[in-house]
Amino acid sequence: DSFLTLMAQYFEVVIFTAGTADYADWALGFLESSAKAISHRLYRRHTIPMKGNYLKDLSRLGRSLRKTIIVDNLAENFSLHPENGIAIKTWQSDAKDTALFQLAPLLLKICESGGVDDVRQYLQT
């Protein structure tokens, strides 16, 4: 909740989930304070089913891929645009999990540097 609220100060936050709309909206309903932080939601119906995975085609966002980052626990889900992706460990109901907050400095550095023309190149370094 607080991670999304922080990121929304610097980024357009889009939730792109392989979950169904009903389930995702229910789950996101628990994130009350960050509800306004989420600009858009894309669901399973927006993915491309392939070999048991739900591929997230970032071009469906209608945003420049030069300025788009996807954070996902399954790298297969962003295999159409691997250079835009950051893989993160799966959350396992661990209240002490800080993976998102460990990621925050990298994301904020992209904004603070101001000179990042293409996040794909930046993420490769």
Could you grab the distance from atom [atom1] of [X] to atom [atom2] of [Y], nearest 0.5 Å is fine?
| X | Y | atom1 | atom2 | answer |
| --- | --- | --- | --- | --- |
| Leu74 | Tyr54 | CG | OH | 12.0 Å |
| Ile88 | Asp97 | CD1 | CG | 7.5 Å |
| Leu100 | Asp1 | CG | CG | 11.5 Å |
| Phe78 | Asp57 | CZ | CG | 14.0 Å |
| Glu76 | Asn53 | CD | CG | 5.5 Å |
| Leu123 | Glu83 | CG | CD | 9.5 Å |

*Going through the checks in order, is the side chain to side chain contact (heavy atoms under 4.5 Å, CB included) test met by Phe3 and Val71?*
CA-CA 13 Å; Phe3 174 80; Val71 177; over 6 Å; no

Is a side-chain N or O of [X] found less than 3.5 angstrom from the main chain of [Y], in a donor-acceptor match?
| X | Y | result |
| --- | --- | --- |
| Trp91 | Asp94 | yes |
| Lys67 | Val116 | yes |
| Asp72 | Gly85 | no |
| Lys89 | Ala99 | no |

*Show the numbers, then the answer: is there a side chain to side chain contact (heavy atoms under 4.5 Å, CB included) between Lys56 and Ile70?*
CA-CA 9 Å; Lys56 298 174 182 176; Ile70 182 169; 3.9 Å; yes

*Selection residues 99-112 - residue pairs positive for side chain to side chain donor-acceptor pair (under 3.5 Å), sequence neighbours left out*: Thr98-Gln102

*May I have all residue pairs that pass side chain to side chain donor-acceptor pair (under 3.5 Å) and include part of residues 38-50, sequence neighbours excluded?*
Glu12-His40, Asp25-Arg41, Asp25-Tyr43, His40-Arg63

*Anything under 30° is parallel, anything over 60° is perpendicular, the rest tilted; go ahead and classify Trp26 against Phe30.*
perpendicular

Is [Y] reachable from [X] through a run of hydrophobic residues whose side-chain heavy atoms are each under 4.5 Å from the next?
| X | Y | answer |
| --- | --- | --- |
| Leu42 | Leu65 | yes |
| Phe101 | Ile110 | yes |
| Leu58 | Ile15 | no |
| Leu108 | Val119 | yes |
| Ile69 | Val14 | no |

*What heavy-atom pair brings Leu4 and Ala37 nearest, and what distance separates the two atoms?*
O-CB, 3.6 Å

*Check the pair Leu106 / Ile86 against side chain to side chain contact (heavy atoms under 4.5 Å, CB included), numbers first and verdict last.*
CA-CA 11 Å; Leu106 169 66; Ile86 298 174; 4.0 Å; yes

*Give the C-alpha distance, both sets of side-chain angles, the deciding distance and a yes or no for side chain to side chain contact (heavy atoms under 4.5 Å, CB included) between Ile48 and Arg60.*
CA-CA 11 Å; Ile48 300 170; Arg60 292 184 176 199; 3.8 Å; yes

_Donor + acceptor pair across side chains of Asp22, Thr20 (<3.5 Å)_ = no

